[in-house]
Novice: 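Here it is, the structure, as structure tokens.
What you see is a predicted model; the values in this text were computed from it and never measured. Order of listing sets the numbers, starting from 1, for every ligand and every atom in it.
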Amino acid sequence: MPVLAVNVDHVATIRQARLGKEPDPVTAAHICELAGASAIIMHLREDRRHIQDRDVALFSQSIQTRFHLEMAATKEMQEIALRYEPQMVCLVPEKRQELTTEGGLDVASRVSELQAYLAPLADKGIKASLFIDADPAQIEAAVEIGAEFIEIHTGHYSDAATEADRHKELESILTGIAKAQDLGLKVNLGHGLDYHNIFAFRDVPGIQEYSIGHSIISRAVLTGLPEAVERMVAIVDSFAD
Ligand code: PXP
């Protein structure tokens with residue numbers, strides 16, 4: 001049965017807009033756990049634009065479910081993963097100027113490098129996932145690397161401008177899922193999935209996990225807004241003499 005992993009980076013993005021304390025992504029992570037999320041994802045970017053080291057440290061001490069750390073395959077991130085021992089690391093490409101992760105990691109050109117990179121993590125029991133496009137060469141390379149999981153990038157499907165493009169992207173993802181599963185990989189999906197486009201995967205067997213952030217946090221902002229405003233109105237009203 002597939003499960004939901006919630007990415008709380010977007011909560012940290014709001015906090016970092018004021019460089020203050022709230023909203024705290026660690027509190028958000030615990031609320032997601034209480035609400036039934038099976039895992040929490042934080043992407044500690046090299047430029048620390050949203051999630052901070054403190055978030056990783058605090059959450060790794062207070063986790064109730066599973067902690068997936070998304071990260072670039074750098075020495076610094078490897079050390080952090082070894083220190084905090086999340087249940088899984090998901091290796092992603094990172095470009096400083098991008099708004100969000102824009103494409104899958106090119107694992108095919110880095111097979112031995114990534115094998116060596118993941119070895120000390122595997123020694124600590126940390127599972128590995130590779131965020132890749134649904135490209136047969138990347139899927140075969142993920143098998144060679146020995147990763148237990150891949151996360152297939154669904155962003156091109158989610159962002160497709162036309163129905164025809166969306167269909168083409170979906171077909172390619174479905175073919176990729178089947179190939180990866182045939183080769184023994186466990187398959188997660190993520191990026192740009194929302195309350196509508198996720199239905200395309202409803203009948204696809206064997207998906208392990210949906211990794212979703214932006215649509216959930218966006219909805220929370222809107223559905224939580226009435227209560228937040230009502231509370232402040234009540235405070236202001238209480239000032240009336
Ligand atoms: N998976 C990966 C590898 C990502 O980089 C992201 C975005 O942080 C997600 C999943 C979640 O994507 P979204 O926020 O669009 O749901």
Novice: Indicate every side-chain donor-acceptor pair of residues 165-180 with a distance under 3.5 Å to a residue at least two apart or in another chain.
Specialist:
unit_1: Asp165; atom_1: OD2; unit_2: Thr162; atom_2: OG1; d: 3.4
unit_1: Thr175; atom_1: OG1; unit_2: Glu171; atom_2: O; d: 2.8
unit_1: Lys179; atom_1: NZ; unit_2: Glu140; atom_2: OE2; d: 2.7

Novice: Would you indicate whether the side-chain heavy atoms of Val8 and Phe59 approach each other to under 4.5 Å?
Specialist: no
Novice: Which atoms of ligand 1 sit under 4.0 Å from any heavy atom of Val92?
Specialist: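 Near Val92, the atoms of ligand 1 are 3 (C).
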Novice: Could you say whether the N/O atoms of Glu70 and ligand 1 ever approach to under 3.5 Å?
Specialist: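 Looking only at distances, the answer is yes, because the N/O contact criterion of under 3.5 Å is met.
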Novice: Give a yes/no on ligand 1: does Gly192 have at least one heavy atom closer than 4.0 angstrom to it?
Specialist: yes
Novice: Look only at the side chain of Asn197 and the backbone of Ser158, and say whether a donor-acceptor pair between them is shorter than 3.5 Å.
Specialist: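 Not a single qualifying donor-acceptor pair exists.
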Novice: May I ask you to check if ligand 1 and His43 share an N or O to N or O distance below 3.5 Å?
Specialist: no
Novice: Is it the case that Glu94 and His43 place a side-chain donor and acceptor less than 3.5 Å from each other?
Specialist: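 A pair is found: one side chain offers a donor N or O, the other an acceptor, under 3.5 Å apart.
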Novice: Under the salt bridge (charged side-chain N to carboxylate O under 4.0 Å, His left out) definition, can you give me all pairs with a residue in residues 11-32, not counting sequence neighbours?
Specialist: Arg15-Asp55, Asp24-Arg54
Novice: Going by atom types alone, do Glu33 and Thr65 pair a side-chain donor with an acceptor below 3.5 Å?
Specialist: yes
Novice: Given 3.5 Å as the limit, does a donor-acceptor pair link the side chain of Tyr117 with the main chain of Gln78, or not?
Specialist: yes
Novice: Do ligand 1 and Leu193 have nitrogen or oxygen atoms that lie under 3.5 Å from each other?
Specialist: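 For ligand 1, there is no N or O atom that lies under 3.5 Å from one belonging to Leu193.
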Novice: Have a look at Ala5, Ser211, Ser215 and point out the one with the heavy atom closest to atom 11 (C) of ligand 1.
Specialist: Ser211
Novice: Counting each atom of ligand 1 from 1 as listed, which ones have a heavy atom of Glu151 under 4.0 Å away?
Specialist: 1 (N), 2 (C), 3 (C), 10 (C)
Novice: Number the atoms of ligand 1 from 1 as they appear, then name those within less than 4.0 Å of a heavy atom of Gly213, with their elements.
Specialist: 13 (P), 14 (O), 16 (O)
Novice: Does His10 come within less than 4.0 Å of ligand 1, judged by its heavy atoms?
Specialist: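 True for this residue.
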